[in-house]
Number of protein chains: 2
Amino acid sequence: MDIEQQVAQAKLVCEKRGARFTALREQVFTLLAKHNSAVGAYDLLSELQVIDSSAKPATIYRALDFLNQQGFVHKIESINAFVMCDHFSECNHPVQLLICDDCGYVEEIQSENLDLAIRSMADASGFKIKHQVVEAHGYCAKCQSDKN
Amino acid sequence: MDIEQQVAQAKLVCEKRGARFTALREQVFTLLAKHNSAVGAYDLLSELQVIDSSAKPATIYRALDFLNQQGFVHKIESINAFVMCDHFSECNHPVQLLICDDCGYVEEIQSENLDLAIRSMADASGFKIKHQVVEAHGYCAKCQSDKN
DNA sequence: TAAAAAATGATATAATTTATCTTCACGGTT
DNA sequence: AACCGTGAAGATAAATTATATCATTTTTTA
(Lines give C-alpha, C1' and ligand atoms only; values in the text may rest on other atoms or scores of the structure.)
Protein backbone atom coordinates (compact mmCIF):
# COMPACT_ATOMS: atom_id res chain seq x y z
CA MET A 1 0.00 0.00 0.00
CA ASP A 2 1.54 3.32 -1.00
CA ILE A 3 1.37 6.45 1.08
CA GLU A 4 -1.52 8.07 -0.74
CA GLN A 5 -3.58 4.99 -0.18
CA GLN A 6 -2.66 4.97 3.47
CA VAL A 7 -3.70 8.59 3.81
CA ALA A 8 -6.98 7.90 2.04
CA GLN A 9 -7.60 4.94 4.30
CA ALA A 10 -6.84 6.98 7.41
CA LYS A 11 -9.21 9.71 6.29
CA LEU A 12 -11.93 7.18 5.77
CA VAL A 13 -11.43 5.60 9.15
CA CYS A 14 -11.46 8.98 10.87
CA GLU A 15 -14.62 10.02 9.12
CA LYS A 16 -16.36 6.87 10.29
CA ARG A 17 -15.24 7.56 13.83
CA GLY A 18 -16.03 11.24 13.83
CA ALA A 19 -12.35 12.03 14.39
CA ARG A 20 -10.69 14.93 12.64
CA PHE A 21 -7.83 14.12 10.30
CA THR A 22 -6.60 17.69 10.05
CA ALA A 23 -3.97 19.03 7.66
CA LEU A 24 -1.37 19.00 10.41
CA ARG A 25 -2.14 15.44 11.38
CA GLU A 26 -2.00 14.40 7.77
CA GLN A 27 1.41 16.02 7.39
CA VAL A 28 2.80 14.17 10.39
CA PHE A 29 1.17 10.94 9.24
CA THR A 30 2.76 11.32 5.82
CA LEU A 31 6.18 12.14 7.20
CA LEU A 32 6.13 9.07 9.38
CA ALA A 33 4.80 6.90 6.56
CA LYS A 34 7.81 7.85 4.45
CA HIS A 35 10.07 6.08 6.93
CA ASN A 36 10.23 2.33 7.01
CA SER A 37 11.73 2.35 10.45
CA ALA A 38 11.19 3.99 13.81
CA VAL A 39 11.58 7.76 14.11
CA GLY A 40 12.05 9.95 17.14
CA ALA A 41 9.62 12.78 17.86
CA TYR A 42 12.29 15.43 17.47
CA ASP A 43 13.52 14.00 14.18
CA LEU A 44 9.98 14.15 12.94
CA LEU A 45 9.72 17.68 14.25
CA SER A 46 12.74 18.71 12.21
CA GLU A 47 11.13 17.28 9.13
CA LEU A 48 7.87 19.00 9.89
CA GLN A 49 9.61 22.32 10.39
CA VAL A 50 10.74 22.24 6.77
CA ILE A 51 7.08 22.49 5.80
CA ASP A 52 5.86 24.47 8.78
CA SER A 53 8.59 26.51 10.40
CA SER A 54 6.40 27.40 13.37
CA ALA A 55 6.07 23.79 14.52
CA LYS A 56 7.06 23.18 18.12
CA PRO A 57 7.53 20.03 20.24
CA ALA A 58 3.95 20.17 21.42
CA THR A 59 2.84 20.27 17.79
CA ILE A 60 4.42 16.96 16.98
CA TYR A 61 3.54 15.28 20.26
CA ARG A 62 -0.10 16.27 19.91
CA ALA A 63 -0.28 14.95 16.39
CA LEU A 64 1.45 11.72 17.37
CA ASP A 65 -0.88 11.36 20.30
CA PHE A 66 -3.85 11.58 18.03
CA LEU A 67 -2.43 9.17 15.47
CA ASN A 68 -1.55 6.79 18.24
CA GLN A 69 -5.05 6.93 19.69
CA GLN A 70 -6.47 6.18 16.28
CA GLY A 71 -4.13 3.21 16.04
CA PHE A 72 -2.33 4.58 12.97
CA VAL A 73 1.03 4.73 14.67
CA HIS A 74 2.65 2.95 17.59
CA LYS A 75 4.96 4.37 20.16
CA ILE A 76 7.97 2.17 20.82
CA GLU A 77 8.49 2.56 24.54
CA SER A 78 11.92 1.01 24.72
CA ILE A 79 13.51 3.47 22.29
CA ASN A 80 11.22 6.49 22.55
CA ALA A 81 10.32 6.42 18.91
CA PHE A 82 7.30 6.07 16.68
CA VAL A 83 6.46 3.79 13.81
CA MET A 84 3.56 3.38 11.37
CA CYS A 85 1.16 0.59 12.17
CA ASP A 86 1.11 -2.11 9.55
CA HIS A 87 -2.60 -2.74 9.85
CA PHE A 88 -4.23 0.40 11.03
CA SER A 89 -7.68 -0.39 9.76
CA GLU A 90 -8.21 -3.10 12.32
CA CYS A 91 -8.04 -1.14 15.49
CA ASN A 92 -7.13 -2.21 18.98
CA HIS A 93 -4.99 -5.22 18.13
CA PRO A 94 -2.16 -6.02 20.53
CA VAL A 95 1.09 -4.46 19.35
CA GLN A 96 4.03 -6.81 18.97
CA LEU A 97 7.27 -5.56 17.46
CA LEU A 98 10.63 -6.89 16.35
CA ILE A 99 13.15 -4.06 16.42
CA CYS A 100 16.52 -4.27 14.73
CA ASP A 101 19.08 -2.57 16.95
CA ASP A 102 21.43 -2.27 14.01
CA CYS A 103 19.42 -0.70 11.18
CA GLY A 104 16.35 0.42 13.12
CA TYR A 105 13.94 -1.60 11.00
CA VAL A 106 10.75 -2.51 12.79
CA GLU A 107 8.60 -5.48 11.94
CA GLU A 108 5.15 -5.70 13.36
CA ILE A 109 4.07 -9.23 14.08
CA GLN A 110 0.74 -10.75 15.05
CA SER A 111 0.93 -13.79 17.22
CA GLU A 112 -2.31 -15.00 18.67
CA ASN A 113 -0.31 -17.45 20.79
CA LEU A 114 1.74 -14.66 22.25
CA ASP A 115 -1.38 -12.72 23.15
CA LEU A 116 -2.95 -15.83 24.66
CA ALA A 117 0.16 -16.62 26.66
CA ILE A 118 0.16 -13.18 28.26
CA ARG A 119 -3.55 -13.28 28.93
CA SER A 120 -3.46 -16.71 30.49
CA MET A 121 -0.71 -15.62 32.88
CA ALA A 122 -2.68 -12.50 33.73
CA ASP A 123 -5.85 -14.50 34.29
CA ALA A 124 -4.02 -16.78 36.69
CA SER A 125 -3.24 -13.73 38.84
CA GLY A 126 -6.64 -12.12 38.43
CA PHE A 127 -4.95 -9.33 36.52
CA LYS A 128 -6.97 -7.44 33.90
CA ILE A 129 -4.90 -6.35 30.91
CA LYS A 130 -5.72 -3.08 29.20
CA HIS A 131 -2.64 -2.56 27.10
CA GLN A 132 0.41 -4.58 26.13
CA VAL A 133 3.94 -3.53 25.32
CA VAL A 134 5.79 -6.29 23.47
CA GLU A 135 9.07 -5.20 21.94
CA ALA A 136 11.77 -7.69 21.01
CA HIS A 137 15.19 -6.27 20.24
CA GLY A 138 17.89 -7.91 18.21
CA TYR A 139 19.07 -8.14 14.62
CA CYS A 140 17.00 -8.50 11.49
CA ALA A 141 17.83 -11.08 8.84
CA LYS A 142 19.49 -8.51 6.60
CA CYS A 143 21.78 -7.13 9.29
CA GLN A 144 22.83 -10.62 10.34
CA SER A 145 23.85 -11.55 6.81
CA ASP A 146 25.64 -8.22 6.37
CA LYS A 147 28.01 -9.30 9.10
CA ASN A 148 29.33 -12.23 7.12
CA MET B 1 13.11 -13.57 51.24
CA ASP B 2 13.80 -10.49 53.34
CA ILE B 3 16.03 -7.65 52.30
CA GLU B 4 19.11 -8.75 54.21
CA GLN B 5 18.95 -12.11 52.52
CA GLN B 6 18.57 -10.46 49.18
CA VAL B 7 21.61 -8.30 49.81
CA ALA B 8 23.61 -11.31 50.92
CA GLN B 9 22.56 -13.19 47.82
CA ALA B 10 23.50 -10.27 45.58
CA LYS B 11 26.91 -10.02 47.20
CA LEU B 12 27.50 -13.70 46.64
CA VAL B 13 26.50 -13.52 43.00
CA CYS B 14 28.73 -10.52 42.41
CA GLU B 15 31.68 -12.18 44.04
CA LYS B 16 31.27 -15.20 41.78
CA ARG B 17 31.18 -12.93 38.76
CA GLY B 18 34.02 -10.68 39.81
CA ALA B 19 31.65 -7.73 39.92
CA ARG B 20 31.90 -5.14 42.65
CA PHE B 21 28.88 -4.73 44.90
CA THR B 22 30.03 -1.44 46.35
CA ALA B 23 28.49 0.42 49.29
CA LEU B 24 26.71 2.79 46.96
CA ARG B 25 25.27 -0.01 44.87
CA GLU B 26 24.16 -1.78 48.00
CA GLN B 27 22.40 1.34 49.21
CA VAL B 28 20.49 1.72 45.97
CA PHE B 29 19.72 -1.98 45.92
CA THR B 30 18.34 -1.78 49.44
CA LEU B 31 16.26 1.30 48.75
CA LEU B 32 14.68 -0.33 45.74
CA ALA B 33 14.14 -3.58 47.62
CA LYS B 34 12.11 -1.72 50.22
CA HIS B 35 9.52 -0.90 47.60
CA ASN B 36 7.15 -3.54 46.40
CA SER B 37 6.31 -1.58 43.30
CA ALA B 38 8.06 0.34 40.56
CA VAL B 39 10.05 3.43 41.49
CA GLY B 40 11.31 6.27 39.34
CA ALA B 41 15.00 7.12 39.26
CA TYR B 42 14.42 10.54 40.77
CA ASP B 43 12.27 9.19 43.58
CA LEU B 44 15.06 6.81 44.36
CA LEU B 45 17.54 9.67 44.14
CA SER B 46 15.55 11.63 46.73
CA GLU B 47 15.67 8.66 49.03
CA LEU B 48 19.36 8.20 48.47
CA GLN B 49 20.04 11.85 49.19
CA VAL B 50 18.72 11.37 52.71
CA ILE B 51 21.67 9.05 53.31
CA ASP B 52 24.13 10.70 50.94
CA SER B 53 23.36 14.34 50.31
CA SER B 54 25.93 14.59 47.54
CA ALA B 55 24.13 12.07 45.31
CA LYS B 56 23.35 13.33 41.82
CA PRO B 57 21.29 11.92 38.94
CA ALA B 58 24.34 10.21 37.48
CA THR B 59 24.90 8.52 40.82
CA ILE B 60 21.57 6.78 40.75
CA TYR B 61 21.61 6.00 37.05
CA ARG B 62 25.02 4.42 37.28
CA ALA B 63 24.01 2.28 40.19
CA LEU B 64 20.78 1.25 38.48
CA ASP B 65 22.73 0.47 35.33
CA PHE B 66 24.98 -1.85 37.23
CA LEU B 67 22.15 -3.55 39.08
CA ASN B 68 20.28 -3.93 35.82
CA GLN B 69 23.30 -5.49 34.12
CA GLN B 70 23.62 -7.94 36.96
CA GLY B 71 19.95 -8.78 36.54
CA PHE B 72 19.04 -7.66 40.05
CA VAL B 73 16.63 -4.99 38.87
CA HIS B 74 14.59 -4.41 35.74
CA LYS B 75 13.87 -1.18 34.01
CA ILE B 76 10.23 -0.77 33.03
CA GLU B 77 10.48 0.97 29.69
CA SER B 78 6.85 1.97 29.41
CA ILE B 79 6.80 3.99 32.62
CA ASN B 80 10.46 4.92 33.10
CA ALA B 81 10.74 3.16 36.41
CA PHE B 82 12.68 0.41 38.08
CA VAL B 83 11.69 -2.67 39.99
CA MET B 84 13.47 -5.45 41.86
CA CYS B 85 13.78 -8.70 39.98
CA ASP B 86 11.91 -11.54 41.62
CA HIS B 87 14.50 -14.17 40.77
CA PHE B 88 17.81 -12.48 40.43
CA SER B 89 19.94 -15.50 41.02
CA GLU B 90 18.95 -17.08 37.72
CA CYS B 91 20.35 -14.57 35.31
CA ASN B 92 19.32 -13.71 31.80
CA HIS B 93 15.72 -14.89 31.91
CA PRO B 94 13.27 -13.00 29.70
CA VAL B 95 11.52 -10.27 31.64
CA GLN B 96 7.74 -10.33 31.60
CA LEU B 97 5.78 -7.93 33.77
CA LEU B 98 2.21 -7.21 34.77
CA ILE B 99 1.94 -3.58 35.84
CA CYS B 100 -1.05 -2.22 37.73
CA ASP B 101 -1.79 1.27 36.43
CA ASP B 102 -3.78 2.01 39.55
CA CYS B 103 -1.54 1.06 42.50
CA GLY B 104 1.77 0.62 40.67
CA TYR B 105 2.21 -2.96 41.80
CA VAL B 106 4.39 -5.01 39.49
CA GLU B 107 4.19 -8.76 39.17
CA GLU B 108 6.94 -10.56 37.36
CA ILE B 109 5.72 -13.60 35.49
CA GLN B 110 7.55 -16.42 33.74
CA SER B 111 5.78 -17.88 30.78
CA GLU B 112 7.74 -20.29 28.69
CA ASN B 113 4.91 -20.22 26.15
CA LEU B 114 5.15 -16.48 25.86
CA ASP B 115 8.87 -16.67 25.24
CA LEU B 116 8.39 -19.45 22.71
CA ALA B 117 5.68 -17.54 20.90
CA ILE B 118 7.93 -14.52 20.44
CA ARG B 119 10.87 -16.64 19.37
CA SER B 120 8.89 -18.62 16.86
CA MET B 121 7.64 -15.42 15.23
CA ALA B 122 11.17 -14.04 15.18
CA ASP B 123 12.52 -17.26 13.70
CA ALA B 124 9.96 -17.09 10.93
CA SER B 125 11.43 -13.73 9.91
CA GLY B 126 15.04 -14.72 10.43
CA PHE B 127 15.17 -12.23 13.27
CA LYS B 128 17.61 -12.88 16.11
CA ILE B 129 16.33 -11.74 19.49
CA LYS B 130 18.78 -10.36 22.02
CA HIS B 131 16.43 -8.76 24.49
CA GLN B 132 12.70 -8.68 25.12
CA VAL B 133 10.46 -6.04 26.59
CA VAL B 134 7.14 -7.49 27.70
CA GLU B 135 5.05 -5.18 29.84
CA ALA B 136 1.32 -5.67 30.23
CA HIS B 137 -0.60 -2.79 31.75
CA GLY B 138 -3.96 -3.00 33.47
CA TYR B 139 -5.39 -3.54 36.92
CA CYS B 140 -4.32 -6.02 39.55
CA ALA B 141 -6.81 -8.24 41.36
CA LYS B 142 -6.79 -6.04 44.43
CA CYS B 143 -7.49 -2.80 42.56
CA GLN B 144 -10.32 -4.40 40.64
CA SER B 145 -12.06 -5.56 43.79
CA ASP B 146 -11.50 -2.19 45.43
CA LYS B 147 -13.74 -0.66 42.79
CA ASN B 148 -16.77 -2.67 43.91
C1' DT C 1 -25.51 33.27 14.22
C1' DA C 2 -24.11 32.35 18.97
C1' DA C 3 -22.22 29.23 22.07
C1' DA C 4 -19.55 25.18 22.99
C1' DA C 5 -15.94 22.14 21.86
C1' DA C 6 -11.81 20.92 19.76
C1' DA C 7 -7.46 22.03 17.64
C1' DT C 8 -3.45 24.82 17.19
C1' DG C 9 -0.03 28.51 18.42
C1' DA C 10 3.19 30.22 21.60
C1' DT C 11 5.92 30.04 25.47
C1' DA C 12 7.85 27.98 29.08
C1' DT C 13 9.31 24.36 31.75
C1' DA C 14 9.46 19.64 33.61
C1' DA C 15 11.27 15.05 33.54
C1' DT C 16 14.50 11.72 32.07
C1' DT C 17 18.99 10.45 30.69
C1' DT C 18 23.75 10.84 29.21
C1' DA C 19 28.48 12.96 28.48
C1' DT C 20 32.77 14.47 30.16
C1' DC C 21 36.41 15.22 32.96
C1' DT C 22 38.45 14.78 37.44
C1' DT C 23 39.45 12.42 41.55
C1' DC C 24 39.45 8.44 44.37
C1' DA C 25 39.63 3.48 45.74
C1' DC C 26 40.84 -1.22 44.81
C1' DG C 27 43.74 -5.23 43.06
C1' DG C 28 47.44 -7.10 41.26
C1' DT C 29 52.56 -6.65 40.29
C1' DT C 30 57.31 -5.63 40.93
C1' DA D 1 55.34 -1.42 50.71
C1' DA D 2 55.31 1.57 46.68
C1' DC D 3 53.69 1.50 41.84
C1' DC D 4 50.37 1.21 38.33
C1' DG D 5 46.31 0.17 35.77
C1' DT D 6 41.40 -0.22 36.01
C1' DG D 7 37.06 0.67 37.37
C1' DA D 8 33.99 3.52 40.43
C1' DA D 9 32.35 7.75 42.09
C1' DG D 10 32.15 12.98 42.32
C1' DA D 11 31.01 17.17 39.99
C1' DT D 12 29.28 19.79 36.44
C1' DA D 13 26.88 20.38 32.45
C1' DA D 14 24.03 19.42 28.83
C1' DA D 15 21.23 16.50 25.72
C1' DT D 16 16.96 14.29 25.01
C1' DT D 17 12.19 13.49 25.71
C1' DA D 18 7.76 15.17 27.09
C1' DT D 19 4.16 18.08 29.22
C1' DA D 20 1.70 22.32 31.18
C1' DT D 21 -0.63 26.51 30.43
C1' DC D 22 -2.97 30.05 28.36
C1' DA D 23 -4.30 32.61 24.23
C1' DT D 24 -6.20 32.23 19.68
C1' DT D 25 -8.35 30.10 15.90
C1' DT D 26 -11.24 26.73 13.70
C1' DT D 27 -15.00 23.57 13.63
C1' DT D 28 -19.26 21.71 15.30
C1' DT D 29 -23.66 22.01 17.21
C1' DA D 30 -27.66 24.00 19.07
From CG of B/L24 across to C1' of D/dG7 the rounded distance in Å is 14 Å

side-chain contact (heavy atoms from CB on, under 4.5 Å), that's the test. Do B/C140 and B/C103 meet it? Break it down for me.
CA-CA 8 Å; B/C140 70; B/C103 70; 3.8 Å; yes

Under 6.0 Å from the CD atom of B/Q49, do we count more than 12 heavy atoms belonging to anything else shown?
yes

Could you please name the option among D/dG10, D/dA18, C/dA10 that lies closest to any side-chain atom of A/F82?
D/dA18

Can you measure A/I79 atom CD1 to C/dT17 atom C1' for me and round it to whole angstrom units?
16 Å

Output yes if the stacking criterion (under 5.5 Å between centres, under 30° between planes) is met for A/Y42 over the base of D/dT16, else no.
no

Centres of the B/F21 and B/F66 rings: under 6.0 Å?
no

Is the distance from OP1 or OP2 of D/dA9 to the nearest side-chain N or O of B/T22 less than 4.0 Å?
yes

Rounding to an integer number of Å, can you tell me how far B/R20 CZ sits from D/dT6 P?
13 Å

Select base, sugar-phosphate, or nothing to describe what A/A58 touches, counting heavy atoms under 4.0 Å on all strands.
base

What closest approach, in Å, do B/L98 and A/M121 show between heavy atoms, and which atom pair accounts for it?
CD1-O, 4.5 Å

Does OP1 or OP2 of D/dT16 have a side-chain N or O of A/N80 closer than 4.0 Å?
no

Using whole Å, report how far CG of A/D43 lies from C1' of D/dT16.
11 Å

What is the distance from OH of A/Y61 to C1' of C/dA12, rounded to the nearest Å?
16 Å

Indicate, with a heavy-atom threshold strictly under 4.0 Å, whether B/R62 touches base, sugar-phosphate, or nothing.
base

Looking only at heavy atoms, what is the nearest atom pair of A/Q6 and A/A33, with distance?
OE1-CB, 4.0 Å

How many whole angstroms separate atom CD1 of B/I60 from atom P of D/dA8?
16 Å

Do any side-chain nitrogens or oxygens of A/K56 fall under 4.0 Å of OP1 or OP2 in C/dA12?
no

Which whole-number value in Å describes the distance from B/R25 CZ to D/dG10 P?
11 Å

Spacing of B/I76 atom CD1 relative to C/dT16 atom P, expressed in whole Å
13 Å

